[in-house]
Amino acid sequence: MLIEIKNLTKDYLMGEVKVPALKGIDLKIKKNEYVAIMGPSGSGKSTLMNILGCLDTPTSGQYLFNKMDVSQLNDDELSAMRNREIGFIFQSFNLLPRMSSLHNVEMPLIYAGVNKYERRKQSVKALERVGLAERMMHKPAELSGGQRQRVAVARALVTNPGILLADEPTGALDSKTGLEIMQLFDELHHEGNTIILITHEKEIAEYAHRTILLKDGMIFSDLQKNLNSKIEKQTP
Amino acid sequence: MDFEENIKVAIRGLIDHKFRSFLTMLGIIFGVASVIAMLSIGEGAKRQAIAKYQDLGVNNIIVRDKELSNEELEEVRAKFSLGLSLNDAYVIKEIVPGVVDVAPQAEKNSEIRYADKSSKSTLIGITPSFIKILNYEADKGTFINEDHSERNLKVCVLGAGVVKTLFQNQDPIGKMVKIDDQWLEVVGVMKAKALFTETVGELASRDLNNDVYVPLSTFHKRFEFDNKLTSEIKQITIKVDNSDQLVETAGLVRGILDRHHYNNDDFSIVIPFELLKQEEKERRIYNFLLGAIAAISLIVGGIGIMNIMMATVMERTREIGIRRAIGARKSDIMSQFVTEAVAISITGGIIGVFLGVSLSLGISLLTDVSTLIRVYSIIIAFGFSVIVGISFGYLPAKNAANLKPIESIRYE
């Protein structure tokens, strides 16, 4: 089991008032699963993503990643987890604007302490994987939205993380480019990556093989999709 | 995160915001430049002072006959004092322990003439020990020697200024000059000496280059004082073997002379080395104040850096969030921002060093203030600018490191 979450809760303090965002989540995700987490705003899906992505720690409960208890880690250890095991893909790309694509992709490896030569090699490979080998020296502003998101995907891939965590990855893209990105995710999944997709769009969620619906901080439904139906959908 | 990457990011930051970086640096630039300029002015003054006292001899005690009016002279003579005498010099040398040698000298204002030119000079009668004690050097020819003294020869050695006035470009050696009513042969010329522009203790300032030296024996035999009551000797320079003993030796000399002069208090004692020490003590306080004022401008420069860094951190909240999300530790963010602050202060420091050095050179070229740039002052100024960068970059960097990743990544 790659991810095992037991009775996880998260409360926020709004002034003096404790507001529960997650009220006891139990969740298991295996390696090479393709999971979509859905839910309306305020359902707690962003909170769950932050905790899954080691950006935040739960109030109570357990989060085991590869059998390691993440909820007990300190700030530096969480940073190392994010660096090695989580590949973030954000709605707004979140690239560093003053750096080339290549340098952006290299960033996680810099923090991992990988040497210059190895860094360059792996980053070029990741950019080739997303089809942007020719745009390596371009800065984000010189790229289209779809290309920027591909750079972001390359940056997420470059450390060979345990999971790819995508937060509304098509939210800032037109439907055609969005489709291209989702096809890229399909390919990455076939190559053995574990993907967790956070979205509120049903069409996007349908690319995943399993859909978890959150409501009011709890899991409302957890559906494993029939693979045949997906094939039918892709070939209308 | 490796150091090289930090430096690259910092330098790129500087280049991307050239004008802003330059404005931020201004405080450091002027701070470093003024520290260097202040220190170089202090060092210049120190060098001049040392040169001045070296002329007087750091191991010397100078006993000088007081300038007295005619009435005062009559009074002290009536009280049995003969003023400074050759005998005083002889007694000091024989009795006082630690005395290596003494150089008595007689002085008289004279007019010296050659061809149609003349010069007002101080005629000084000396013994050969004079040159050893005061480190005088002849530029050409010889200085007054034993032979000249023993045979009361009518020879003289001219100061550089006198040579310039009387001879211009001619070689004065071997020429006859007329001093008062006596003809003397020029046997030597002195090296030019620094202008003695300040009064040192009881020694009035004068231009040593206008001196004319003759053997003391010749002086007494051939020349007469305007006032018959004038003391035989104007000054006795005493060389001591150990500069630690200067004050004690001077005390002994005073005791002996007081007895010989029947407590008439008609002489004064100057210890150049003690004056130098005292002057240096005063100057050190003065220099420290100058340096401190300059250092304040460095600190103000540091506050400027802190101000800009605080704004930069705000502006780059999202970048910090992204870096944190992809694995930067707090310490990585911290060192990145400290490096940026230090990059600003080092760049400012380097520009400041150049500005400070040119300022110092400019001051000594365009004014008569002498400056001396010492390596230590550059190191102090530059080192201080680096320390300012680190200390004033620390707080903004800490703020940056403590931003929460989930909040900063959504910051617009």
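Naming convention: chains lettered A, B, ... in sequence-line order (proteins, then strands); numbering from 1 in each chain.
No salt bridge links B:Glu43 with B:Arg47; every basic N to acidic carboxylate O contact stays at or beyond 4.0 Å. A salt bridge is absent between A:Lys67 and A:Glu4; no separation between the charged side-chain nitrogens and carboxylate oxygens falls under 4.0 Å. A salt bridge links B:Asp16 with A:Arg98; the closest basic N to acidic carboxylate O contact falls under 4.0 Å. The existence of a salt bridge linking B:Glu407 and B:Lys404 is excluded, since no basic side-chain nitrogen approaches an acidic carboxylate oxygen closer than 4.0 Å.
Only the side chain of A:Met99 comes within contact range of chain B, with at least one heavy atom under 4.5 Å from a heavy atom of that chain. Neither the backbone nor the side chain of A:Ile86 comes within contact range of chain B, judged by heavy atoms closer than 4.5 Å.
Environment of OH in B:Tyr376: crowded, with over 12 heavy atoms of neighbouring residues, nucleotides or ligands closer than 6.0 Å.
Between the side chain of B:Ser21 and the backbone N or O of B:Leu14 there is at least one donor-acceptor pair closer than 3.5 Å. Counting only distance, with no hydrogens or angles, the side chain of B:Asn6 and the backbone of B:Phe3 share no donor-acceptor pair below 3.5 Å. Between the side chain of A:Asp69 and the backbone N or O of A:Ser71, at least one donor-acceptor pair lies under 3.5 Å.
Most heavy-atom pairs under 4.5 Å with chain B, from the set A:Ala80, A:Pro108, A:Pro97, A:Gly87: that is A:Pro108.
Of all residues in residues 46-57 of chain A, those placing a non-hydrogen atom less than 4.5 angstrom from a non-hydrogen atom of chain B are A:Met49, A:Asn50, A:Leu55, A:Asp56. Listed by sequence position, A:Arg155, A:Asp167 are the residues of residues 142-174 of chain A in contact with chain B, using a 4.5 angstrom heavy-atom cutoff.
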Donor-acceptor contacts under 3.5 Å from residues 348-368 of chain B side chains, at least two apart:
from	atom 1	to	atom 2	distance (Å)
B:Ser358	OG	B:Phe354	O	2.5
B:Ser358	OG	B:Leu355	O	3.4
B:Ser360	OG	B:Ser40	OG	2.9
B:Ser360	OG	B:Gly356	O	2.8
B:Ser364	OG	B:Ser360	O	3.3
B:Ser364	OG	B:Leu361	O	3.1
B:Ser364	OG	B:Thr371	OG1	3.2
B:Thr367	OG1	B:Ile363	O	2.6
B:Thr367	OG1	B:Val369	N	3.2

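Listed by chain and number, the residues in a side chain to side chain donor-acceptor pair (under 3.5 Å) with A:Arg119 are A:Glu106 (sequence neighbours excluded).
To the nearest 0.5 Å, the span separating NE2 on A:His103 from OG on A:Ser101 amounts to 12.0 Å.
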